[in-house]
Amino acid sequence: PKVAPVPYVTERAPKGLTAIQMDNKPYPIDGQSKMIGLAYNDSVPVFTEYAETWPRAAQQWEKFKAFMTLVLLPNLSSDVQWPELPDSMVFQKALESQLPEEFHFEDHGKTPVSVTWSLAGKASEYQTGAEFSKADYEELAAPEVNLAVVGHSQMMLEFCKQDTKPSNNGVLEKLFLVELPEGSSGKITLKELAGSCATVMDAPSGKESTSQLSRSDVSACTDSFDVADFLDLKEDSAEGSFCTNLGRAPNAYPIQPEFGGQPSLAES
C-alpha cells in the first residue's frame, strides 16, 4: 500500500489560539474513502494499520521522525539492509515512554533525541544526529526513498523553517539521512537538512482563494451540517468560481527550475 494515515502530524493551531481546531481533526478514513468515490467515481486503497494502532491525533515532530525511520522506511526500502528492528508496538511503547508528549517546534533540533530498546538481550538505539548541508547530501551515493507527507501549511512553516507561510497545496523538499549500524544491532542515526526546505512546487495563495469562496467550492462540506449556511459566499460567475479558476490558471502550480521546471518569463 502506498497511502497510509500516519501518527504525530496532526496540525495544531498557531501559538495563542485553541490547541485543536475542527478543520485540523482527521476525518474518519471510511468517510474520506466514500467522499473520494462519490467525487471521482474511483477508489484509493488505504493502509489503515498505523491510524488504528498509533496515536493519529497527536502532533510531535520528533516522534514522527522516529516513526518514519523505524516503522515506515523499513517497509518501503527493500534494497537497504536494515538491522534487526523491534516490533511496531514495542517501539511505540518505548517512544511514548521516553519522549515527552509535547515538544514545541522552537525547541526542535536544539538537543539530540534518543530512544532505546532491547532485542534478545542486545541494546539498540535510535538517535538524532548533526544537521547536514545540501552539498553533503549530493556527494553521497546511497539509496533514496521518496515519501510524500501531506500536512497543512502551519506544520510546513514550523518544521521546514520557512520565513513565510507556504501555500497549502505547495510542495517542499525535506531531506534526511539515515545511518545504520554494520551489525544486527546498534545505533540508528537520523540526520536532518540544515536550514529551510526548498520549494519544489508553488501553488495559488490560500489567503486569496478563501477570501473569494463560493457555494460550489464547499458543496461537498455537508457532514454533519451544511457549511455553506454559515459562510459569506460569493456567487459563481459563468466561468466558475474564483477559487477553481485560480487553480486552473496557466502556471498555477509551477515546478521550480532546480527541480526540472521551466523558468518563468520574469526569470528568463
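Because only heavy atoms are used, hydrogens play no part in the values below, and waters and symmetry mates are left out as well, while side chains stay in. Since we're looking at a predicted model, the values are computed, not measured. One is the number of the first residue; the rest follow in order along the sequence.
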Verify, without hydrogens or angle tests, whether [X] (side chain) and [Y] (backbone) share a donor-acceptor contact under 3.5 angstrom.
X: Asn168; Y: His152; result: no
X: Lys63; Y: Ala58; result: no
X: Gln98; Y: Thr116; result: yes

To check you understand the geometry: which heavy-atom pair defines the closest contact between [X] and [Y], and what is its length?
X: Gln60; Y: Pro100; result: NE2-O, 2.9 Å
X: Val46; Y: Pro5; result: CG1-CD, 3.5 Å
X: Ala51; Y: Ile29; result: CB-CD1, 3.6 Å
X: Pro86; Y: Val90; result: CB-CG1, 4.1 Å
X: Ser205; Y: Leu246; result: O-CD2, 4.2 Å
X: Gln256; Y: Pro254; result: NE2-O, 3.2 Å

Within this structure, what is the [atom1]-[atom2] distance for the pair [X] and [Y], rounded to the nearest 0.5 Å?
X: Thr69; Y: Ile188; atom1: OG1; atom2: CD1; answer: 8.0 Å
X: Met201; Y: Ile255; atom1: CE; atom2: CD1; answer: 5.5 Å
X: Asn75; Y: Phe47; atom1: CG; atom2: CZ; answer: 7.0 Å
X: Glu258; Y: Glu173; atom1: CD; atom2: CD; answer: 9.0 Å
X: Met156; Y: Leu172; atom1: CE; atom2: CG; answer: 4.0 Å
X: Glu158; Y: Lys165; atom1: CD; atom2: NZ; answer: 9.0 Å

Quick one: which residue pairs count as a ring pair (Phe, Tyr, Trp, His ring centres under 6.0 Å) with a foot in [range], not counting sequence neighbours?
range: residues 68-99; answer: Phe91-Trp117
range: residues 122-150; answer: none
range: residues 211-251; answer: Phe225-Phe230
range: residues 178-220; answer: none

Hey, is [atom1] on [X] packed in by over 12 heavy atoms from elsewhere, all under 6.0 Å?
X: Gln81; atom1: CD; answer: no
X: Asn41; atom1: CG; answer: no
X: Asp232; atom1: CG; answer: no

Decide yes or no for [X] and [Y]: does some side-chain heavy atom of the first lie under 4.5 Å from some side-chain heavy atom of the second?
X: Lys174; Y: Val149; value: no
X: Ser196; Y: Gln162; value: yes
X: Gln92; Y: Pro7; value: no
X: Arg215; Y: Asp229; value: yes

Stepwise side chain to side chain contact (heavy atoms under 4.5 Å, CB included) test for Leu73 and Leu147: CA-CA 9 Å; Leu73 288 181; Leu147 289 175; 4.0 Å; yes
Would a hydrophobic clustering, with Ile, Leu, Val, Met, Phe, Trp and Tyr connected at side-chain separations under 4.5 Å, put [X] with [Y]?
X: Val145; Y: Val150; result: no
X: Leu99; Y: Val6; result: yes
X: Val178; Y: Leu85; result: yes
X: Phe159; Y: Leu72; result: yes
X: Met89; Y: Val115; result: yes

Counterpart residues, side-chain hydrogen bond (donor to acceptor under 3.5 Å, both in side chains), relative to [X] (two or more places apart):
X: Gln212; result: none
X: Asp226; result: none
X: Thr164; result: none

Consider only side-chain N and O atoms of [X] and [Y], and report whether a donor and an acceptor are under 3.5 Å apart.
X: Thr189; Y: Gln127; answer: yes
X: Thr53; Y: Glu49; answer: no
X: Ser241; Y: Asp236; answer: no
X: Ser133; Y: Asp136; answer: yes

The test is side chain to side chain contact (heavy atoms under 4.5 Å, CB included); show your working for Lys122 and Glu84 and say whether it passes. CA-CA 10 Å; Lys122 295 181 180 180; Glu84 188 176 1; over 6 Å; no
Kindly determine whether Leu180 and Val80 satisfy side chain to side chain contact (heavy atoms under 4.5 Å, CB included), including the steps that lead there. CA-CA 10 Å; Leu180 302 177; Val80 175; 3.6 Å; yes
Can you list everything that forms a salt bridge (charged side-chain N to carboxylate O under 4.0 Å, His left out) with [X]? Sequence neighbours excluded, please.
X: Lys65; value: Glu62, Glu192
X: Lys34; value: none
X: Lys161; value: Glu131

Could you please spell out the steps behind the side chain to side chain contact (heavy atoms under 4.5 Å, CB included) verdict for Asp202 and Ser167? CA-CA 7 Å; Asp202 207 351; Ser167 300; 3.9 Å; yes
Ring pair (Phe, Tyr, Trp, His ring centres under 6.0 Å) filter on Phe67, not counting sequence neighbours, yields Tyr50, Trp54
Using ring pair (Phe, Tyr, Trp, His ring centres under 6.0 Å) as the criterion, list what pairs up with Phe176, not counting sequence neighbours.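 By the ring pair (Phe, Tyr, Trp, His ring centres under 6.0 Å) rule, Phe176 matches no residue at all.
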